[in-house]
Amino acid sequence: MKYNFKKIEPKWQKSWEDNMVFAADDESTKKKFYGLVEFPYPSGAGLHVGHCKAYLGLDAMCRMLRMQDINVLFPIGFDAFGLPAENYAIKTGIHPRIVTDQNIAHFSEQLRKVGFSFDWSRVIDTTDEDYYKWTQWIFLKMFEHGLAFKDKTLVNYCPSCKVVLSNEDSQGGKCDICHSDVIQKSKDVWYLRITRYADKLLEGLETVQFPENIKQQQVNWIGRSTGAFVNFTLSDAEGRQIFGEDGNARKLRIYTTRPDTLFGVTFMVVAPEHPVIDELAGRISNMDAVRAYRSECSKKTEFERTQLVKDKTGVRLEGICAVNPMSGKKIPIFIADYVMMGYGTGAIMAVPAHDQRDYDFAKAFGADIVEVIKGGDISKEAWSGDGEMINSDFLNGYTNKKDSIARMIEVLEERGAGEGGVQYKMKDWAFNRQRYWGEPIPIVHCDSCGYVAVPYEELPLRLPEVENFEPGSDGESPLAKIPEFVNCKCPKCGRDAKRETDTMPQWAGSSWYYLRYIDPHNDKCFADRKKLEYWMPVDHYNGGMEHVTRHLIYSRFWHRFLYDLGEVNTPEPYMKRSAQGLILGPDGEKMSKSKGNVVDPLDIVDAYGADTLRTYVLFMGDYAASAPWNDSSLKGCRKFLERIAGLTDIVTDNEVAELEGPLHKAIKKVGEDIAAMKFNTAIAALMGLINEIYAAGRIGHDQLIAYIKLVSPFAPHIAEEIYEMLGGSGFIAKAAWPEYDASKTVDATIEIGVQINGKLKGTIVIPRDADQAAAITAAREMLGDRLTGNVIKEIYVPGRIVNIVAK
RNA sequence: GCCGGUGUGUCGGAAUGGCAGACGAGCGCGACUCAAAAUCGUGUGGGAAACCGUGUGGGUUCGAGUCCCACCACCGGCACCA
């Protein structure tokens with residue numbers, strides 16, 4: 001058969017779709033498999049070769065599983081809210097809806113050309129109001145349960161453009177647009193209280209099959225640490241205690257992971273934004289210097305402030321002191337930007353002898369350094385290792401960190417000076433953007449009722465039409481400029497109220513999309529309970545490494561929340577997660593337009609065919625590893641497919657005996673390798689087998705059918721074509737996967753290596769079931785007089801090796 | 001700095017502790033051709049050989065690319081996280 005991919009690929013793509021070959025069956029009693037890939041953002045640039053790799057792995061797996069009589073759900077959709085469509089709208093005035101629809105249509109067509117076995121009847125689009133209705137519904141559930149709340153935060157703000165800037169748009173403290181100085185401004189924003197789920201998200205990790213590196217990244221991202229909160233009393237310069245307005249002693253609260261070093265605390269540091277400064281401004285005698293330092297800090301971006309290898313800066317708060325609750329000593333308080341407001345309490349106890357940052361600060365500002373753990377040389381640097389506790393009263397002599405920390409927490413609690421506690425690096429999730437093209441946040445602000453939820457029956461809260469997509473003045477969302485949208489009645493008391501005009505961030509729609517695929521057209525609930533119970537959890541989720549912290553954690557959080565609510569039946573959404581490696585440009589660099597090394601998958605489909613693209617992408621190497629694109633290697637795969645087409649010219653009615661063993665071995669290997677995502681070796685096995693077929697010069701009709709079935713997950717179009725030609729009934733995509741006969745996967749005779757003292761000397765051919773004596777005899781015969789000295793030991797590992805130890 | 005990962009021919013990469021380099025590419029040689037491309041066949045780690053070869057140095061083992069210890073290099077993530 002001549003290989004004409006231009007003819008056969010569109011033919012089968014159309015036929016699969018016309019016959020709904022890949023539609024998943026919700027009513028089935030068969031075993032199910034839910035394979036999920038990260039749905040794309042439908043950018044104007046179109047399908048990237050990286051998308052292809054991300055989807056092809058599971059596509060091959062799903063294609064095989066369907067043939068193994070498993071009910072497979074393999075859906076696709078579009079994560080279509082986001083900035084590019086909005087920026088394009090600002091530039092051209094074309095509504096994001098129009099651009100998004102165009103891009104989705106284009107993307108869909110491209111995906112079809114690659115021959116993915118998606119269930120196209122379940123396509124979802126996060127910007128569809130029937131979809132975001134449920135995104136808003138889940139948000140309201142969170143609001144109802146106290147998980148969505150509004151709080152102040154500091155944002156990057158350009159006073160000249162009156163726009164809130166992202167970190168990326170305000171690098172170097174300058175506005176990316178007008179280059180004036182960016183300031184930190186306080187703003188009320190929506191948060192999701194993900195920190196409340198931190199421990200559940202950590203525990204859940206132990207129940208799922210994620211690769212170790214992905215689990216580790218999530219653990220690091222959550223960043224749980226245990227330690228203690230300690231309250232330091234404050235005094236004036238003369239040592240008189242300071243009382244707050246409420247008459248209680250004013251205290252400074254800190255978090256530490258090493259409360260056992262309290263006797264080594266010689267000063268304290270608060271973050272520049274710490275509220276204690278304003279509160280006690282009247283008592284701080286050098287407020288001018290403090291204010292100057294704070295304004296200097298506020299000009300720095302997060303990036304500058306967290307730059308490592310930087311000299312410590314700060315200002316002492318003159319006029320106030322703290323009292324070490326253990327030693328009773330009066331210690332100075334500093335303001336310094338090496339302490340972050342966002343972690344712990346925004347204040348620390350400094351133990352310069354045992355923390356390098358505190359040590360550097362103490363050296364720069366002349367603070368005392370008191371050693372409390374033996375083992376280092378504190379005249380040179382801080383000692384952060386273990387050792388015997390000294391200068392620490394009741395802790396002296398402790399050598400175990402755990403014990404000394406536990407003892408100190410006991411004493412703190414006895415004296416009412418503090419308590420054990422836990423901290424997370426993960427912060428609550430800032431859940432809003434001042435943008436148009438996102439889900440409107442369904443909240444109304446009423447002067448008398450506060451923040452009130454839009455009633456569930458009024459969902460979806462639709463995006464209004466706007467003329468102008470530019471952000472509003474003062475950094476508001478474009479929605480703020482539409483009075484008909486903003487002005488409304490309070491759902492609670494009926495008085496005049498104003499709508500929230502911010503929209504949700506891009507992460508919202510993707511946090512639950514895998515649930516909607518299960519029941520995409522349901523208008524009563526986000527998905528039918530029975531269907532959820534059948535399909536959930538997702539059996540295998542593949543995507544990029546760039547999403548294993550944020551998206552993967554966010555969606556696990558939403559899912560766990562829905563589980564606690566009783567809305568879904570599994571605590572975790574994804575049983576198994578994998579991540580494909582990047583396809584690099586031919587030059588070995590990451591593909592980028594500016595480098596001009598981008599490979600367009602549709603160019604490859606045009607020139608070589610989708611089957612070649614598919615086979616090559618999965619043959620490139622370890623699926624999880626990055627590898628550069630190589631056109632020559634691609635041509636090798638094309639050659640392989642032509643050789644497959646050529647098999648129809650050498651097919652015979654009778655089976656070819658000598659191919660039975662190799663064929664059954666391949667059935668075993670290909671099946672096992674696809675299941676383990678080792679696509680490269682599965683394809684290599686198929687290439688090896690075709691070499692043997694051509695060496696035999698012919699192949700039996702049924703043998704060829706079995707062979708193309710093995711090929712079909714990788715090159716489905718040519719497989720269908722040959723299957724049809726050979727008289728196969730229906731689609732090969734639905735045909736039964738071949739089964740191997742274990743007895744045929746082993747040869748009667750085997751060739752094994754013969755070693756003397758572990759060094760290979762030659763090989764022998766022996767019956768597979770030869771016993772030790774027979775194997776040794778054959779080996780000695782082969783070695784002849786090369787075997788010298790006294791034989792000490794003879795080792796025969798059946799089917800593997802003979803090793804003779806001689807001296 | 002912390003956490004995780006990876007180091008194998010000319011290149012992409014194979015190898016449940018058991019013949020290192022499967023498979024593909026590249027390259028060499030041959031066939032076909034007036035010639036080239038395509039195709040087919042064949043060879044291809046180094047070394048004349050004994051042997052030597054999986055980042056480096058040690059160890060465990062009859063036997064190590066694979067397991068253990070130390071180090072080096074590169075990649076990814078987090079990062080003044082108290």
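Predicted model only: the values in this text are computed from it and were never measured. Protein chains get the first letters and strands the later ones, always in sequence-line order, with residue 1 at the start of each.
An OP1 or OP2 oxygen of C51(B) is reached within less than 4.0 angstrom by a side-chain nitrogen or oxygen of K761(A). Taking 4.0 angstrom as the limit, K678(A) places a side-chain polar atom (N or O) nearer than this to OP1 or OP2 of A15(B).
With A14(B), G18(B), C78(B) as the candidates, the nucleotide lying closest to the side chain of I801(A) is G18(B). The side chain of D622(A) sits closest to A14(B) out of G18(B), A14(B), A82(B). Proximity note for V339(A) (side chain, C-beta onward) versus C80(B), A82(B), C78(B): the nearest is A82(B). Side-chain proximity of N680(A) to G18(B), C19(B), G13(B): nearest is G13(B). If you check C23(B), G18(B), A82(B) against the side chain of Y343(A), the one that comes closest is A82(B). Side-chain proximity of L760(A) to C23(B), C80(B), C19(B): nearest is C19(B). Of all nucleotides listed (A82(B), G12(B), G18(B)), G18(B) comes nearest to the side chain of I795(A). Side-chain atoms of A684(A) lie closest to C23(B) of the nucleotides G4(B), C80(B), C23(B). Ranking A82(B), G24(B), C80(B) by closeness to the M687(A) side chain, first place goes to G24(B). For S225(A), counting side-chain heavy atoms from C-beta on, the closest listed nucleotide (C80(B), A82(B), C19(B)) is A82(B).
The same atom, C1', is picked in G57(B) and in A64(B); the two are 15 Å apart, to the nearest Å. Comparing the P positions of C23(B) and G45(B) gives an interatomic distance of 13 Å, to the nearest angstrom. C72(B) and C62(B): their P atoms are spaced 32 Å apart (whole Å). With both ends at atom P, the span from A50(B) to G59(B) equals 27 Å, rounded to whole Å. Rounded to the nearest Å, the gap between the P atom of G7(B) and that of U66(B) is 11 Å. Separation of the P atoms belonging to G24(B) and A14(B) is 15 Å when rounded to the nearest angstrom. Taking the C1' atoms as reference points, G17(B) lies 13 Å from C68(B), given to the whole Å. Distance noted for atom C1' between A15(B) and U54(B): 11 Å (whole Å).
Contact of R800(A) with U16(B) (side chain to base): a donor-acceptor pair of N or O atoms is detected under 3.5 Å. A donor-acceptor contact under 3.5 angstrom links the side-chain atoms of N803(A) to the base of C62(B). You won't find any donor-acceptor pair under 3.5 Å spanning the side chain of K759(A) and the base of C51(B), going by distance alone.
Sequence order on RNA chain B of the closest nucleotides to Y694(A) and N630(A) puts N630(A) first from the 5' end. Closest-nucleotide positions on RNA chain B for T345(A) and E212(A) were compared, and the one nearer the 5' end corresponds to E212(A).
Close placement of the Y554(A) and W429(A) rings is indicated, their centers lying within 6.0 Å of each other.
Side chain to side chain, Y338(A) and D358(A) meet the donor-acceptor criterion of an N or O pair below 3.5 Å.
The two residues Q580(A) and N542(A) have their closest heavy-atom pair at OE1-ND2, 2.9 Å. Looking at every heavy atom in both residues, C637(A) comes nearest to F619(A) through SG-CD2, 4.0 Å. Shortest non-hydrogen contact noted between D428(A) and I194(A) is OD1-N, 3.2 Å.
Summarising the base pairing, C27(B) is matched to G43(B) through a Watson-Crick or G-U wobble pair whose two defining distances lie under 3.5 Å. Nucleotide A38(B) has no partner under the Watson-Crick or G-U criteria, as no pair reaches both atom distances under 3.5 Å.
Residue S632(A) is classed as a sugar-phosphate contact, given heavy-atom separations below 4.0 Å to backbone atoms only. Within the 4.0 angstrom heavy-atom criterion, no nucleotide atom of any strand lies near K215(A). Within the nucleic acid shown, R550(A) has no heavy atom closer than 4.0 Å to any nucleic acid atom. The residue T549(A) sits apart from the nucleic acid: no heavy atom pair falls under 4.0 Å.
Side chain of Y707(A) to main chain of L686(A): a donor-acceptor pair is present (N/O by atom type, distance under 3.5 Å, no hydrogens or angles).
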Practice task
I would like to know whether I683(A) and T615(A) meet side-chain contact (heavy atoms from CB on, under 4.5 Å); could you show each step before the answer?
Solution key: CA-CA 8 Å; I683(A) 294 167; T615(A) 307; 4.0 Å; yes
